[in-house]
Amino acid sequence: MVLCVKVERERAEAVRQKLLSKELLDGSYVPARDEKFVFFAVKKRTAGFAFAEKKLMKREEYGKSLGEELKGKLTSEELDELVKSFDIVGDIAVVEIPPALAKKQKLIASAIMKNHHNVKVVAKKTGGTAGEFRIRPIKVIAGAKRTHTIYREGGCEFELDINKTYFSSRLGTERGRIASLVQPREHALVPFAGVGPFAIRIAKSVPTAKVVGIELNPAAAKYFKSNIERNRCSNVIALKGDVSKLLPGEYRGCADRVAMPLPKDGMGFLKYCIPCLKKGGILHYYSFGDMANPYEKSKKELEDAALKLGRKVSVLIRRVVRPYSKTTVQVVIDARID
Ligand SMILES: C[S@@+](CC[C@H](N)C(=O)[O-])C[C@H]1O[C@@H](n2cnc3c(N)ncnc32)[C@H](O)[C@@H]1O
């Protein structure tokens with residue numbers, strides 16, 4: 001057991017800084033967390049803190065890669081099969097278990113939990129991202145029997161259920177980039193809003209902006225609404241429904257910015273999204289592209305759609321958002337629409 005300072009999660013960073021400045025923090029142990037508290041190993045007791053005894057892991061035993069942790073526990077053929085990278089969404093680790101390792105899934109899951117104390121559930125992918133709601137199904141193989149979690153990013157919290165809603169932790173940098181571009185008093189529109197990560201990050205970082213998000217999946221729209229409350233944002237509206245039905249009419253010419261995070265099928269919705277932009281408004285158009293020539297297809301789609309609507313496209317930025325498969329990348333084009 002290790003002597004720890006026990007602090008509520010919300011105050012943990014401030015207290016950690018205080019312990020550091022007083023040279024009380026014992027950095028050779030990894031802090032532990034539970035639902036309410038964080039436990040920091042300390043060198044001695046001093047007035048002004050709450051203390052507890054807790055079993056903590058030594059830093060050098062912690063944070064091994066999955067491959068390192070399983071060396072000697074899997075054969076070298078099995079180690080070759082092992083998919084060593086995995087995503088962590090909130091406290092759920094989402095792994096890929098190749099068929100050849102199906103019998104070793106418990107061992108793989110416990111190796112992950114041993115090296116990631118924040119992981120309370122390990123789930124395996126049971127299919128690819130599919131359907132109109134873009135859901136990638138998972139099945140729990142270890143830990144708590146649930147697929148919902150709370151994910152934290154950029155000072156915001158998002159509650160979601162991986163089996164009922166789309167969510168990718170890999171888009172965090174992109175969401176931060178978009179939020180940083182938004183100007184005070186902008187009107188931003190996020191069709192395809194999911195549980196609200198783009199819309200809420202914009203709203204939270206620019207409180208004078210007004211944001212409208214639209215989501216078709218009833219489960220995601222419900223989480224979107226509750227995430228607005230969770231993040232105390234009074235400048236976002238969550239609409240449940242189909243972009244193609246909700247946008248024509250009321251939203252024509254009213255947005256300074258439209259972000260379209262639907263890379264697979266976004267093209268078909270350009271005719272509804274472009275007319276929402278004011279003259280000189282900015283469109284963030286997400287798509288998939290060939291690794292060898294990532295932007296050609298999406299630039300043409302955008303230009304063709306704008307031309308049909310009598311609008312002009314000026315490309316401002318184009319970037320690869322993330323690799324998607326061995327041959328495909330997700331890209332974004334930021335364009336001014338005149
Ligand atoms: C790729 S996900 C992105 C979700 C969210 N922006 C994010 O980054 O987590 C696309 C979302 O668009 C929603 N969607 C698909 N077709 C739609 C439509 N016609 N109208 C409104 N939302 C739609 C899906 O349910 C899904 O939640």
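Every value quoted in this text rests on a predicted model; they were computed, and no experiment measured them. Start at 1 and go down the list; that is how both ligands and their atoms are numbered. Note that the numbering runs from 1 along the sequence shown for the chain.
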J.: Which protein residues come within less than 4.0 angstrom of ligand 1, counting heavy atoms only?
T.: E132, F133, Y166, R175, F192, A193, G194, P197, F198, E215, L216, N217, G241, D242, V243, P261, L262, F269

J.: Using 30° and 60° as the class limits, which term best fits the ring planes of F51 and F49: parallel, tilted or perpendicular?
T.: perpendicular

J.: Are E229 and K225 within salt-bridge range, i.e. N to O under 4.0 Å?
T.: no

J.: Are F86 and H116 an aromatic pair, judged by ring center distance below 6.0 Å?
T.: yes

J.: With heavy-atom distances below 4.5 Å as the criterion, would you say the side chains of V320 and V331 are in contact?
T.: yes

J.: Mind listing the side-chain donor-acceptor pairs of residues 189-204 below 3.5 Å, one per line with the distance, residues two or more places apart or on another chain?
T.:
unit_1: R201; atom_1: NH1; unit_2: E153; atom_2: OE2; d: 2.8
unit_1: R201; atom_1: NH1; unit_2: G172; atom_2: O; d: 3.2
unit_1: K204; atom_1: NZ; unit_2: N231; atom_2: O; d: 3.1

J.: For D256, run the salt bridge (charged side-chain N to carboxylate O under 4.0 Å, His left out) check against K210, K278, R336, R185 and tell me which one passes.
T.: K278

